[in-house]
Amino acid sequence: MASTLEEIRSGILDGDMHLVEEKVQEALAQGVPAPEILNEGLIKAMTEVGRLFEEGEYFVPEMLIAARAMKAGLAILKPKLVDADVKPVGKVAAGTVKGDLHDIGKNLVCMMLEGAGFEIVDLGTDVAPERFVDAVKSQGVDIVAMSALLTTTMPNMKNTIDALKEAGLRDRVKVMIGGAPVTQAYADEVGADGYAPDASRAAALARALVGA
Ligand code: B1M
């Protein structure tokens with residue numbers, strides 16, 4: 001018979017949020033510690049979702065519904081994780097850069113990062129450099145994650161990095177960038193710490209950037 005943690009994992013892979021909610025409650029009632037449910041249930045399943053996406057077995061819709069199911073389980077688990085004093089692996093301020101309203105990819109990246117154990121400060125879309133700077137100043141973030149879908153808004157990634165430098169904050173945070181027109185060469189050119197081509201690899205990159 002499948003263990004409750006296995007059922008949580010397959011519920012996430014199937015995108016069945018109601019099953020995930022039910023099984024997370026069941027695991028808690030069985031006395032499974034919340035950190036174990038997080039690591040062995042939710043994060044393990046999202047790692048598998050990322051692998052399936054990279055291998056071309058899952059596409060964006062499958063990834064979105066899996067992430068939604070993971071979030072439903074995480075919502076139940078969060079208060080227990082706070083009680084257990086479980087710290088996130090890092091804090092990320094994420095946003096689509098100034099002038100750019102595309103948010104589907106950015107939201108997917110946020111969900112995968114959450115699934116990888118990060119706390120997310122989602123700044124939304126059309127985020128001016130000074131708003132990223134404020135988030136680093138006031139929220140103690142470890143990573144600034146910027147998305148751009150328009151070639152015309154990509155320069156705002158560099159403008160944000162420059163604003164972080166001007167505010168004397170560049171050494172305090174890692175900067176990662178992505179979005180359809182963005183490349184590793186562009187990341188190197190503007191001085192970002194990393195680039196990822198998709199949400200799954202963004203989660204792996206973020207963990208590597210904080211040494212998790
Ligand atoms: Co717009 N749009 N759009 N659009 N739109 C594109 C991007 C475009 C390529 C379409 C085209 O012409 N073929 C084109 C850009 C051309 C260019 O700059 N070279 C374009 C244009 C021109 C525009 C407008 C200017 C159109 C107009 O009004 N004349 C306008 C701009 C508005 C603005 O932003 N100021 C506009 C508007 C819109 C809608 C509002 C209608 C809508 C956005 C809705 C929304 O996001 N809420 C929209 C859409 C949907 C698209 C397309 C069709 C799809 C984008 C998308 O969501 N993809 C797009 C064409 C296309 O890409 N085929 C297009 C799915 C998503 C999951 O992928 O965002 O690439 P993506 O994210 C991926 C990766 O890139 C990566 O991970 C994600 C998941 O794997 N990733 C990261 C993303 N962010 C990352 C961050 C990371 C790491 C990885 O680290 C931090």
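We count ligands from 1, going down the list as the structure has it; atoms in each ligand are counted the same way. Basis for what follows: all heavy atoms, side chains included, without hydrogens, waters or symmetry-related copies.
- For atom 54 (C) of ligand 1, the nearest protein heavy atom lies 4.0 Å away or farther.
- Protein heavy atoms all stay at least 4.0 Å away from atom 63 (N) of ligand 1.
- Only the backbone of Met146 comes within contact range of ligand 1, with a heavy atom under 4.0 Å; no side-chain atom does.
- With a heavy-atom cut-off of 4.0 Å, Pro197 touches ligand 1 through its backbone alone.
- Close approach to Ala145 involves these atoms of ligand 1, each under 4.0 Å from a residue heavy atom: 91 (C).
- At a 3.5 angstrom cut-off on N or O pairs, Asp103 counts as close to ligand 1.
- The protein heavy atom nearest to atom 89 (C) of ligand 1 is Ala196 O, 3.2 Å.
- Distance alone, capped at 3.5 Å, is enough to place a donor-acceptor pair between the Arg170 side chain and the Val173 backbone.
- Here Thr151 has heavy atoms under 4.0 Å from ligand 1 in both its backbone and its side chain.
- Of all atoms in ligand 1, listed by their number and element, those nearer than 4.0 Å to a heavy atom of Asp100 are 34 (O).
- Rounding to the nearest 0.5 Å gives a distance of 10.5 Å between CG of Asp142 and CZ of Arg172.
- When atom types are taken as modelled, the side chain of Asp126 and the backbone of Gly99 share a donor-acceptor pair closer than 3.5 angstrom.
- Between Lys23 and Glu26, at least one side-chain N (NZ, or NE/NH1/NH2) sits under 4.0 Å from a carboxylate O, which counts as a salt bridge.
- In this structure, of Lys106, His102, Met157, Lys98, the residue bringing a heavy atom nearest to atom 48 (C) of ligand 1 is His102.
- Interface of Gly179 with ligand 1, defined as ligand atoms under 4.0 Å from a residue heavy atom, comprises 75 (O), 81 (N), 82 (C), 83 (C), 84 (N), 85 (C).
- Atom NZ in Lys87 sits 10.5 Å away from atom CD in Glu119 (nearest 0.5 Å).
- For atom 16 (C) of ligand 1, the closest non-hydrogen atom of the protein is Leu150 CD2, 4.5 Å.
- In summary, the atoms of ligand 1 found under 4.0 Å from a heavy atom of Ala202, numbered by their order in the structure, are 88 (C).
- For atom 33 (C) of ligand 1, the closest non-hydrogen atom on the protein side is Leu101 N, 3.5 Å.
- Counting only distance, with no hydrogens or angles, the side chain of Glu62 and the backbone of Phe59 share a donor-acceptor pair below 3.5 Å.
- Under the 4.0 angstrom criterion, atom 38 (C) of ligand 1 counts as having a protein heavy-atom contact.
- For atom 70 (O) of ligand 1, a protein heavy-atom neighbour is found at a distance under 4.0 Å.
- For atom 45 (C) of ligand 1, a protein non-hydrogen atom is found at a distance below 4.0 Å.
- Atoms CD and CG, from Glu22 and Asp16 in turn, are 8.5 Å apart once rounded to the nearest 0.5 Å.
- Atom CD of Glu114 is separated from atom CE of Met70 by 5.5 Å, given to the nearest 0.5 angstrom.
- Taking any N or O of Ala199, backbone or side chain, at least one lies under 3.5 Å from an N or O belonging to ligand 1.
- Nearest heavy atom pair, residue Val136 against residue Val141, reads CG2-CG2, 3.7 Å.
- The main-chain N or O of Gly50 is found under 3.5 Å from a side-chain atom of Ser200 such that the two form a donor-acceptor pair.
- One distance of note links CD of Gln25 with CG of Leu28; it measures 6.5 Å at 0.5 Å rounding.
- At distances below 3.5 Å, at least one donor-acceptor pair connects side-chain atoms of Glu6 with backbone N or O atoms of Ser3.
- Counting atoms of ligand 1 from 1 in the listed order, those under 4.0 Å from a heavy atom of Ser147 are 83 (C), 84 (N), 85 (C).
- Formation of a donor-acceptor pair under 3.5 Å by the Lys91 side chain with backbone atoms of Gln139 is found in this model.
- Put simply, the residue from Leu64, Ile120, Leu74 that forms a side-chain contact (heavy atoms from CB on, under 4.5 Å) with Met111 is Leu64.
- Less than 4.0 angstrom separates some heavy atom of Leu108 from each of these atoms of ligand 1: 79 (C).
- In summary, the side chains of Asn159 and Asn156 do present a donor paired with an acceptor at a separation below 3.5 Å, with no hydrogens or angles considered.
- Residue Asp198 places no N or O, backbone or side chain, under 3.5 Å from any N or O of ligand 1.
- Of all the heavy atoms of Ile177, the ones lying under 4.0 Å from any atom of ligand 1 belong exclusively to the backbone.
- Among all non-hydrogen protein atoms, the one lying nearest atom 7 (C) of ligand 1 is Leu149 O, 3.5 Å.
- For Tyr58 against Leu13, the heavy-atom pair with the smallest separation is OH-O, 2.6 Å.
- Checked by distance only, ligand 1 and Ala180 come closer than 3.5 Å through their nitrogen or oxygen atoms.
- There is a protein heavy atom less than 4.0 angstrom from atom 18 (O) of ligand 1.
- Under the 4.0 angstrom criterion, atom 1 (Co) of ligand 1 counts as having a protein heavy-atom contact.
- Atom 65 (C) of ligand 1 has as its closest protein heavy atom Ile104 CG2, 4.4 Å.
- Atom 35 (N) of ligand 1 is approached by the protein to below 4.0 angstrom, counting heavy atoms only.
- The backbone N or O of Met154 lies less than 3.5 Å from a partner atom in the side chain of Tyr186, making a donor-acceptor pair.
- In this structure, atom 72 (O) of ligand 1 lies nearest to the protein heavy atom Gly105 CA, 3.3 Å.
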